[in-house]
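Reading through the structure tokens given below for one structure.
Along the sequence shown, residues are numbered consecutively beginning with 1. Not measured: the values here are computed from a predicted model.
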Amino acid sequence: MSILLKNIIRFILLLLIQVFVLNEILLHQLVSPYLYMLFILALPFNLPRPALMFLGLLMGLALDMFMNTDGMHAAACVFIAYLRPFVINILSPQGGFETTQKTPSMTSMGVSQFLIYAAILVFLHHTVYFLLEVFGLGNPLYLIMKIVFSTLASLFLIVLYELLFFSKK
């Protein structure tokens with residue numbers, strides 16, 4: 001299966017899971033699990049930054065249309081799409097990840113490197129998204145707890161997705 005077809009399927013699958021399953025889950029007003037940003041995290045290593053940002057905008061706008069969130073998801077997605085190459089460069093070994101595989105995953109990066117990579121970008125995504133959602137720092141403890149707990153829930157879902165859908169080579 002081509003990389004393009006895989007990513008189109010991943011886009012649709014993650015969008016549908018987010019809209020019809022995960023958006024219905026809200027635990028104690030603190031945990032909002034988001035899996036859709038995995039689309040940006042799993043795009044090929046060698047994709048240029050403008051293409052990453054455009055695809056992040058598409059995913060964010062698609063979710064914004066379903067959730068009526070006025071561009072908040074789009075802003076958070078474009079932000080992490082912009083920062084993704086920096087994070088990969090910081091985490092990559094001397095030879096880079098491109099030599100081993102074409103896309104970031106637990107198998108191509110190793111479990112610990114992938115978890116660090118995902119944790120950084122998911123945390124940044126949630127920080128931007130929830131700051132835009134709250135649009136103020138009236139209750140900073142609540143905001144921090146929401147970011148941290150939602151990041152942990154999202155990372156759990158990302159690991160689960162990786163274990164279910166990524167074949168070991």
Query raised in the report: Is it the case that Arg49 places NZ or CZ above or below the six-membered ring of Phe86, under 6.0 angstrom from the centre and within 45 degrees of the axis?
Result: yes
Are the side chains of [X] and [Y] in touch, meaning some heavy atoms are under 4.5 Å apart?
| X | Y | result |
| --- | --- | --- |
| Met67 | Asn23 | yes |
| Tyr161 | Leu38 | yes |
| Pro44 | Asn7 | yes |
| Met53 | Phe79 | no |
| Met109 | Phe45 | yes |
| Leu115 | Ile158 | no |
| His73 | Tyr129 | yes |
| Leu43 | Phe39 | yes |

Check whether [X] and [Y] end up in the same hydrophobic cluster, where Ile, Leu, Val, Met, Phe, Trp and Tyr are linked by side-chain heavy atoms less than 4.5 Å apart.
| X | Y | answer |
| --- | --- | --- |
| Leu63 | Met65 | no |
| Ile25 | Leu160 | yes |
| Leu83 | Ile90 | no |
| Phe66 | Leu58 | yes |

Which atoms form the tightest heavy-atom contact between [X] and [Y], and what is the distance?
| X | Y | answer |
| --- | --- | --- |
| Leu41 | Tyr117 | O-OH, 2.6 Å |
| Ser32 | Phe130 | CB-CZ, 4.0 Å |
| Gln18 | Leu35 | OE1-N, 2.8 Å |
| Val87 | Leu121 | CG2-CD2, 3.9 Å |
| Gln29 | Lys146 | O-NZ, 3.4 Å |
| Leu91 | Gln113 | O-NE2, 2.8 Å |

Looking at [atom1] of [X] and [atom2] of [Y], how far apart are the two atoms once the value is rounded to the nearest 0.5 Å?
| X | Y | atom1 | atom2 | answer |
| --- | --- | --- | --- | --- |
| Thr69 | Leu132 | OG1 | CG | 10.0 Å |
| Ile80 | Ile120 | CD1 | CD1 | 12.0 Å |
| Asn139 | Ile144 | CG | CD1 | 9.5 Å |
| Leu55 | Leu47 | CG | CG | 6.0 Å |
| Leu52 | Leu57 | CG | CG | 12.5 Å |
| Ile12 | Leu15 | CD1 | CG | 8.5 Å |

Requested in this report: Decide side chain to side chain contact (heavy atoms under 4.5 Å, CB included) for Phe123 and Ile147; before the verdict, give the C-alpha distance in whole Å, the side-chain angles of both, and the deciding distance to 0.1 Å.
Outcome: CA-CA 7 Å; Phe123 178 77; Ile147 291 169; 3.5 Å; yes
Report task. Tell me, with the steps shown, if Ile3 and Lys102 meet side chain to side chain contact (heavy atoms under 4.5 Å, CB included). Result -> CA-CA 9 Å; Ile3 297 256; Lys102 294 183 184 202; 3.9 Å; yes
Main-chain N/O of [Y] paired with [X] side-chain donor or acceptor, under 3.5 Å:
| X | Y | value |
| --- | --- | --- |
| Arg84 | Ile40 | yes |
| Ser150 | Leu30 | yes |
| Asp64 | Ala74 | yes |
| Glu133 | Met72 | no |

Query raised in the report: CZ of Phe11: more than 12 outside heavy atoms within 6.0 angstrom?
Result: yes
Query raised in the report: Taking everything shown except Phe54 itself, do over 12 heavy atoms lie less than 6.0 Å from its CZ?
Result: no
Query raised in the report: Just checking, is any N or O donor in the side chain of Thr107 or Ser105 under 3.5 Å from an acceptor N or O on the other one?
Result: yes
Query raised in the report: For residues Ser154 and Thr151, is any side-chain donor paired with an opposing acceptor at under 3.5 Å?
Result: no
